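Residues take their numbers from the sequence shown, with the count starting at 1. Quick caveat: nothing in here was measured; it's all calculated off a predicted structure. For the numbers below, each heavy atom of this structure counts, side chains included, while hydrogens, waters and symmetry mates do not.
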Amino acid sequence: MVRRLSRPGPWKRGPVLTVLAVLLGLLMAFHGRITDLGGLGSLVETFLPWCGLLVPVLLAGALRRRSAAAVVALLLPAVVWLGLFGALLGDGSRPGGDLTVAQHNVGDANPDPAGTARALVASGADVLALVELTEEARGTYERELATAYPHHTVQGTVGLWSRWPLSDVRPVDTAMDAGPLGAAKTEDEKAGYQRALRATVATERGPLAVYVAHLGSVRLMPRGGFWTESRDRNARALGEALAAESGERVVLLGDLNGTTDDRALAALTARLRPAHTEAGDGFGFTWPAGFPVVRIDQILLRGVEAESSWVLPATGSDHLPVAASVSW
């Protein structure tokens, strides 16, 4: 009896669990304040949706310890997570749409480019962007897509295929080359690995400015942390191009190697809205294709509305294709 009376009450049990619950909530609520030293902030924001899995883990511990304080404290991360991602738990799509756009990182090691092209045609997309095109596979995609998409352009390793005519086609400088060595390269040398383009699509509803981009890769390095230098530099340069865009209706299709929660893409998300956040069903993860854990393949919009957004079936690539139906 004495031992039972000496035990701490439910509001005093599990102080560690209570503190962890509060810290988890604060981390999600103020993720933008986390230092980006070694890419830490960017790394946290990349996997931010997965922080929600820690809530039931901590809840199980709180129930086991019979800690009322920890259970109440868990309301903070639960509410914050729902505020950030709750809209993605339901289906935000609506019927209709004036045209369908799609984007796919087809993968430079894709063993079946012909099959990938046929699958993309079957998606019914009106405008199709491909990134990570290789010289060896380019001819296959051009051949397989020619009937469905009579208009196309390829700039370096990115391409755009359309059912409607294209005009004002040009490469977009995303600062792939930095420093004295980059400045010393000729335009012909840079053209071989050009990773962004801009074109105007003459749709039935009017002109649509379409950007296609493949931002630099990121690396998780034992000593260097989360390395994002080229991706971040590319994002800033692309943001400058979008800031100068005079078109009323703009769509950006690309593998941005980052989620829309990632601060590194702020130059883009400040000007364009993610289609999947607006009209998606679920989280829409796209990479890696075998077991997707992040959405780094994006469709961003300005001046048009997303009616629905979805992830297409896997192809021979290590990325999943994405599509969205948009309207004027």
Side-chain angles (χ1 to χ4, degrees), residues 98-106 120 125-133 149 151-176 190-191 193-203 205-216 230-260 262 264-278 286 295-306 309 319 321-326 328:
D98 295 315
L99 75 158
T100 298
V101 297
Q103 184 276 138
H104 191 23
N105 179 326
V106 294
L120 293 171
D126 301 297
V127 176
L128 172 65
L130 303 184
V131 307
E132 210 165 280
L133 290 167
Y149 304 100
H151 311 279
H152 89 281
T153 180
V154 174
Q155 304 282 330
T157 62
V158 297
L160 181 66
W161 277 259
S162 171
R163 300 189 190 278
W164 299 293
L166 304 176
S167 63
D168 195 17
V169 177
R170 60 178 184 269
V172 176
D173 182 7
T174 55
M176 287 298 299
K190 294 179 181 181
Y193 53 92
Q194 177 67 40
R195 289 172 56 142
L197 66 83
R198 188 262 187 216
T200 298
V201 180
T203 77
R205 296 296 306 275
L208 178 69
V210 177
Y211 286 75
V212 182
H214 184 194
L215 302 188
S230 64
R231 190 274 310 268
D232 298 353
R233 184 176 66 250
N234 298 163
R236 290 191 295 269
L238 182 58
E240 292 173 2
L242 289 167
E245 171 60 51
S246 60
E248 181 181 352
R249 303 178 185 91
V250 182
V251 173
L252 167 60
L253 307 168
D255 172 5
L256 305 185
N257 272 307
T259 71
T260 52
D262 194 324
L265 302 188
L268 309 180
T269 55
R271 297 180 174 90
L272 306 174
R273 308 181 320 278
H276 199 75
T277 302
E278 223 173 66
T286 63
R295 182 183 177 91
I296 59 177
D297 298 273
Q298 309 291 354
I299 298 174
L300 305 181
L301 314 170
R302 185 179 81 199
V304 292
E305 299 294 326
S309 173
H319 290 245
V322 294
S325 176
V326 301
W328 267 230

Nearest-0.5 Å distance that lies between atom [atom1] in [X] and atom [atom2] in [Y]:
{"X": "Arg249", "Y": "Thr200", "atom1": "CZ", "atom2": "OG1", "value": "12.0 Å"}
{"X": "Ile299", "Y": "Glu278", "atom1": "CD1", "atom2": "CD", "value": "12.0 Å"}
{"X": "Leu133", "Y": "His214", "atom1": "CG", "atom2": "NE2", "value": "10.5 Å"}
{"X": "Asp297", "Y": "Leu256", "atom1": "CG", "atom2": "CG", "value": "8.0 Å"}

Query - Least distance between heavy atoms, Ser309 atom then Arg295 atom - result: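 Where Ser309 meets Arg295 most closely, the heavy atoms are OG-NH2, 4.0 Å.
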
**Report entry** Minimum-distance pair of heavy atoms, taken over all atoms of His151 and Arg163
**Finding:**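 Nearest heavy atoms, His151 then Arg163: CD2-O, 3.6 Å.
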
Side chain of [X], backbone of [Y]: donor and acceptor closer than 3.5 Å?
{"X": "Gln155", "Y": "Thr157", "answer": "no"}
{"X": "Arg231", "Y": "Leu215", "answer": "no"}
{"X": "Arg273", "Y": "Val304", "answer": "yes"}
{"X": "Tyr211", "Y": "Gly254", "answer": "no"}
{"X": "Gln194", "Y": "Val172", "answer": "yes"}

**Report entry** Short N-O contact, Arg271 and Glu245, less than 4.0 angstrom
**Finding:**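 Between Glu245 and Arg271 there is no salt bridge, as every charged N stays at least 4.0 Å from the carboxylate O atoms.
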
Query raised in the report: With a 4.5 Å limit on heavy-atom distance, are the side chains of Ile296 and Asp255 in contact?
Result: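 A side-chain contact exists here, since the closest heavy-atom pair is under 4.5 Å.
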
Query raised in the report: Heavy-atom distance under 4.5 Å between the side chains of Thr260 and Leu300, does that happen here?
Result: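 Counting from C-beta outward, Thr260 and Leu300 do come under 4.5 Å.
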
Query raised in the report: Given the rule in the side-chain contact (heavy atoms from CB on, under 4.5 Å) test, do Trp328 and Leu99 qualify, once you have shown the distances and angles that lead to the verdict?
Result: CA-CA 9 Å; Trp328 267 230; Leu99 75 158; 3.0 Å; yes

